[in-house]
Amino acid sequence: MNNENLQPLYVSSPMLPNIDDVTSYIQEIWDSKYVTNNGPMNQKFEKKLEEVLNVPTALTFNNGTIALLVALKMFNLKPGSEIITTPMTFAATAHAISWNGFVPVFADVLEKDLTIDPKAVEKAITKNTSAILATHVYGSICDYEALEDIAQKYGLKLIFDAAHAFAAEINGRSVASLGDASIFSFHATKLFNTLEGGALTSPNLKDKEIVQLLRNFGIKNEEEVTHVGINGKINEVQAAIGLLNLEIFEEERAKRKELREKYSSFLNDLPGITMQPNPKEFKNSEQYFPVVIDKEKFGRSRDEIYEALKKENIFARKYFHPICTDFEPYKGYDIVSTCATPYVEKVKHEVLCLPFHSGVKNSHINIIKSIFIGCKSTIMN
Ligand code: T4K
């Protein structure tokens, strides 16, 4: 294989709006001299977000991590209480729990889609548990019905880290409306981005007030600060990029859907390769394309495929290995499981996210295919 002419191909690539459109919005912002603090662009952006995500409350943030911090703050959970989460997520999920002074308790994941296992969650509940923080990892939607039942049965708050699930729907329901609150990341690596950014959504209109307060230092008015808030605001340029990207993200999602089909066409038949389930009742965000590679059945390991791709200038990612409990702050934390050995300890060595965005060309797919199947063949448009 000779890949000298191919530029590096990364797992993600930001969807960027037309630069002339950005310039024209920036001119408008410059003329108004209103550049941040919930200005007119942000207000317009939030209104559109609420429409797209079909929720009464969608408030923007400067990143997904601060949105997570606020989501865990807004419900007045018992200080120092336990919050059950998944180890198969980005570090920010666990950090938001610890940063707020809560104790993360890790529960195993389901083999079918690597989301948190509701049975393990129920097993992890103690008298000190106050909430569940579940990640729709790779855009696969958690078993929200089982989690909602558990949350109701034990009087827990249910918060979703939906960083990977922008505009996803399940059974006709917007993912942003699940549980008590959800957060999204609008980082450059996400399907929908504002370069850096995020959002907190809630199915309840009444949550708007507390989130607005917490996002803006807890300032109620010029003379009153009523809550321990933070600075979670986006600026007007980010809001403008958000407005422009809302107009084009469906086009990007459609291209990724096609790419999913192209990848699936050759991976489907390979023994030992499992792809993310994509059932009919699910409208996929098309954020990531993870594959699980079982070395015994496939013949080669995840790490061998990762290295082979790298030699071709193709940079897949081993998200999320190491898992949170491998990281220094959480070393020694148990993973509650219904199995003798948590499934996540096995699958963390097997999962690989392939490049997944509209910049992936057929020439790339052909190289990736040849690495997986070990021979050359061509995918045409
Ligand atoms: N919860 C979950 C489940 C999350 O996945 C995340 C973020 C959060 C919460 C927190 O949300 P934020 O606070 O970030 O809004 C990246 C992202 O930085 C991070 O946002 C994301 N998850 C995580 C899964 O991926 P890295 O360390 O992998 O990023 P990096 O710089 O290695 O980028 C990945 C690839 O993307 C690069 O190889 C090249 C490409 N890329 C990246 C950037 C930044 C570009 O092509 N252009 C770019 O501008 O964390």
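The residues of the chain are indexed from 1 along the displayed sequence. Read the numbers this way: they start at 1 and go in the same order the structure lists the ligands and their atoms.
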Report yes or no: is the cationic atom of K190 (NZ for Lys, CZ for Arg) under 6.0 Å from the centre of the six-membered ring of F184, at an angle within 45° of the ring normal?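 No, K190 and F184 do not form such a contact.
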Nearest-neighbour protein heavy atom for [atom], which is reported as residue plus atom name and distance:
{"atom": "atom 1 (N) of ligand 1", "answer": "D161 OD2, 2.6 Å"}
{"atom": "atom 49 (O) of ligand 1", "answer": "A188 CB, 3.9 Å"}
{"atom": "atom 38 (O) of ligand 1", "answer": "Y10 CD2, 3.5 Å"}
{"atom": "atom 5 (O) of ligand 1", "answer": "H164 NE2, 2.7 Å"}
{"atom": "atom 23 (C) of ligand 1", "answer": "F90 CE1, 3.6 Å"}
{"atom": "atom 42 (C) of ligand 1", "answer": "T189 CG2, 3.9 Å"}

Compute the shortest N/O to N/O distance between [X] and ligand 1 and return yes if it is under 3.5 Å, no if not.
{"X": "Y319", "answer": "yes"}
{"X": "R317", "answer": "yes"}
{"X": "H187", "answer": "yes"}
{"X": "T65", "answer": "yes"}
{"X": "V11", "answer": "no"}

Is ligand 1 under 4.0 Å from a heavy atom in the side chain of K190, in the backbone, in both, or in neither?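 Near ligand 1, K190 shows its side chain, while the N, CA, C and O stay back.
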Which of the numbered atoms in ligand 1 are below 4.0 angstrom from a heavy atom of [X]?
{"X": "G197", "value": "15 (O)"}
{"X": "T89", "value": "3 (C)"}
{"X": "A92", "value": "8 (C), 9 (C), 10 (C)"}
{"X": "T93", "value": "1 (N)"}
{"X": "Y288", "value": "24 (C)"}
{"X": "P14", "value": "45 (C), 46 (O), 47 (N)"}

Nearest 0.5 Å, what's the CE-CZ distance between M15 and R256?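 The distance works out to 8.0 Å.
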[X] and [Y] aromatic centres sub-6.0 Å:
{"X": "Y319", "Y": "F90", "answer": "no"}
{"X": "F356", "Y": "Y288", "answer": "no"}
{"X": "F327", "Y": "H95", "answer": "no"}

Please identify which of these residues, T85, D161, T86, meets the side chain to side chain donor-acceptor pair (under 3.5 Å) condition with T93.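 Single side chain to side chain donor-acceptor pair (under 3.5 Å) partner of T93 among T85, D161, T86: D161.
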What's in the same ILVMFWY side-chain cluster as L200, cut-off under 4.5 Å, chained through other members?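 Via sub-4.5 Å side-chain contacts, L200 links to L59, F61, I66, L68, L69, V70, L72, M74, F75, L77, I83, I97, W99, F102, L133, I159, I183, I210, V211, L214, I230.
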Under the side-chain hydrogen bond (donor to acceptor under 3.5 Å, both in side chains) definition, can you give me all pairs with a residue in residues 58-70, not counting sequence neighbours?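 side-chain hydrogen bond (donor to acceptor under 3.5 Å, both in side chains) check on residues 58-70 returns N42-T60, E46-T60, T60-R215.
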Donor-acceptor contact present, side-chain H321 to main-chain I323, <3.5 Å: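 No, H321 side chain to I323 backbone: no donor-acceptor pair under 3.5 Å.
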Out of P8, S12, G198, A165, whose heavy atom is nearest to atom 40 (C) of ligand 1?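 Answer by nearest heavy atom: S12.
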Non-hydrogen atoms of A67 and A199 that approach each other most closely: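 Taking every non-hydrogen atom into account, CB-O, 3.7 Å.
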How about Q238 and N235: do any of their side-chain heavy atoms sit closer than 4.5 Å?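 Answer yes - side chains close enough.
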Is atom 47 (N) of ligand 1 close to the protein, meaning a heavy atom under 4.0 Å from it?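 Given the 4.0 Å limit, the answer for atom 47 (N) of ligand 1 is yes, a protein heavy atom qualifies.
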Which of parallel (below 30°), tilted (30 to 60°) and perpendicular (above 60°) describes F192 and F186?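 Aromatic pair F192/F186 classed perpendicular.
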